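Order of the sequence lines fixes the chain letters, A, B, ..., with proteins taken first and strands second; residue numbering starts at 1 for each chain. Here the structure is a predicted model, which means the values were calculated and not measured.
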Number of protein chains: 2
Amino acid sequence: MDPEVGRRYAEEVGVVLARMGTTPAFGKLLGWLLICEPPQQTTAQLGAAMGLSKASVSTGMRVLEQSGLVRRVPSPGRGHAYEMHPDAFARALDPTDKMRVFIDLMQRGIDLVGDAAAPEARRLRHTRDFYTFMVERTPALMEEFRRQARKDS
Amino acid sequence: MDPEVGRRYAEEVGVVLARMGTTPAFGKLLGWLLICEPPQQTTAQLGAAMGLSKASVSTGMRVLEQSGLVRRVPSPGRGHAYEMHPDAFARALDPTDKMRVFIDLMQRGIDLVGDAAAPEARRLRHTRDFYTFMVERTPALMEEFRRQARKDS
DNA sequence: ATTTAGGTTCAGAAAATTCTGAATATTCAA
DNA sequence: TTGAATATTCAGAATTTTCTGAACCTAAAT
């Protein structure tokens, strides 16, 4: 694959991700790691490929790593390289963390109303219960996908 | 409930939402609609409660409406009011729209690689398949929640 | 048809975010 | 331990985003 084609694809991913609220650098780096060859890339390679400063790559990769999308791998030479986490999107879009934040927020609102059964708390209660349900069910769904994927590959 | 307490709660929701990528106004308005009394609010009321200009309320409510979190309801006097959609979060955090965007993006990447079975396409393929799985399964999960909620209430 | 409350749009001001270069720190080979 | 390659941090510049006031619609009541 022409590296220029890959770069353009990564930019595209960057635009989509940025629209969803990430920084441009974050999205570009992730896009590049989706398609680059080899899948392992050093900071210098990432910066060169996407035209980002060392500093931006450093910050961007820290966030990508914290979010579970990317992991460090030992590099043949000095330092380390990055690659997509094998389970990347299953971890990152694992919405349970965000949902837990929402559940807490709704519970705080219910506490303010005072009476959980009050009609005024209906909106909050319903929202809390929905997220609670989803958080409970998501792990099993993920596990099912993993089992199926293992069988397919 | 002291309106000041409600206002502060709405601000809190706003901060959490803003951290997830929304505009501050969007989050504040949603927070207020979660806890305000009555649940129906006019543009003027929303602006007064959260200290936002008419223009900001107009824009914010348009986005909230498009995202399915909020709906217009006829107002007794002139014009209309807004209230949370009964199924608000189930619709908004229905991640299937976002996921479909990702599926398309992954497919485009696979097309660039040329051969879907190629090892270089593994990352893209795996990601595509994960989202496809989730998109397929989410509706049934939502339906199950709705059934259960109906029984409870 | 006119009036007026209510709503939208948009250019520019205000505010916040992102990116970078330079300085600093860290890590590994020798 | 030293030197060199690599990585992180941070202040400020550059950019982008958000918000607002003002002008401009729209539609209901009379």
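- No donor-acceptor pair closer than 3.5 Å links the side chain of A/Arg146 to the backbone N or O of A/Asp87.
- Separating the CG atom of B/Leu29 from the P atom of C/dG7 is a distance of 14 Å, rounded to the nearest angstrom.
- Taking atom CG of residue B/Leu46 and atom P of nucleotide C/dT8, one finds them 12 Å apart after rounding to whole Å.
- In this structure, the NZ atom of A/Lys54 is 9 Å from the C1' atom of C/dG21, given to the nearest Å.
- One atom, CD of B/Gln45, and another, P of C/dA5, lie 17 Å apart when rounded to the nearest Å.
- For A/Glu11 and A/Arg7, the salt-bridge test passes: some basic side-chain N is under 4.0 Å from an acidic carboxylate O.
- Among the protein residues, A/Ala44 comes within range of no part of the nucleic acid, since none of its heavy atoms lies under 4.0 Å from any strand.
- Using a distance-only test at 3.5 Å, with no hydrogens or angles considered, no donor-acceptor pair links the side chain of B/Ser58 to the main chain of B/Lys54.
- Ring geometry for B/Phe130 against A/Phe145 counts as perpendicular: the plane angle is over 60°, on a 0 to 90° scale with 30° as the lower cut.
- One can place NZ of B/Lys28 at 11 Å from C1' of D/dT18, the figure rounded to the nearest angstrom.
- Distance from the side chain of A/Arg72 is smallest for D/dT8 among the nucleotides D/dA22, C/dT18, D/dT8.
- Near DNA chain D, meaning a heavy atom under 4.0 Å from it, residues 56-67 of chain B has B/Ser56 in order of number.
- Between A/Leu124 and A/Met106, the closest side-chain pair of non-hydrogen atoms falls below 4.5 Å.
- Whole-Å rounding puts the B/Met50 CE to D/dC19 P distance at 12 Å.
- For B/Pro24, whose side chain is taken as the heavy atoms from C-beta onward, the closest listed nucleotide among C/dT18, D/dC19, C/dC10 is D/dC19.
- When distances are taken from the side chain of A/Ser53 to each of C/dG21, D/dT20, C/dT18, the shortest belongs to C/dG21.
- The interatomic distance linking B/Tyr82 (OH) with C/dG7 (P) rounds to 7 Å, in whole Å.
- The CG-C1' distance, from A/Leu17 to C/dT18, rounds to 16 Å in whole Å.
- Using a 4.0 Å heavy-atom distance criterion, A/Gly51 is classed as a sugar-phosphate-only contact.
- Neither OP1 nor OP2 of D/dT6 sits under 4.0 Å from any side-chain N or O of A/Thr43.
- Using a 4.0 Å cut-off, no side-chain N or O of A/His80 falls inside it from OP1 or OP2 of D/dT6.
- In plain terms, the two heavy atoms of A/Ala116 and A/Ala121 that are nearest each other are O-CB, 3.8 Å.
- The CD1 atom of B/Ile110 sits 4.5 Å away from the CD atom of B/Gln107 when rounded to the nearest 0.5 Å.
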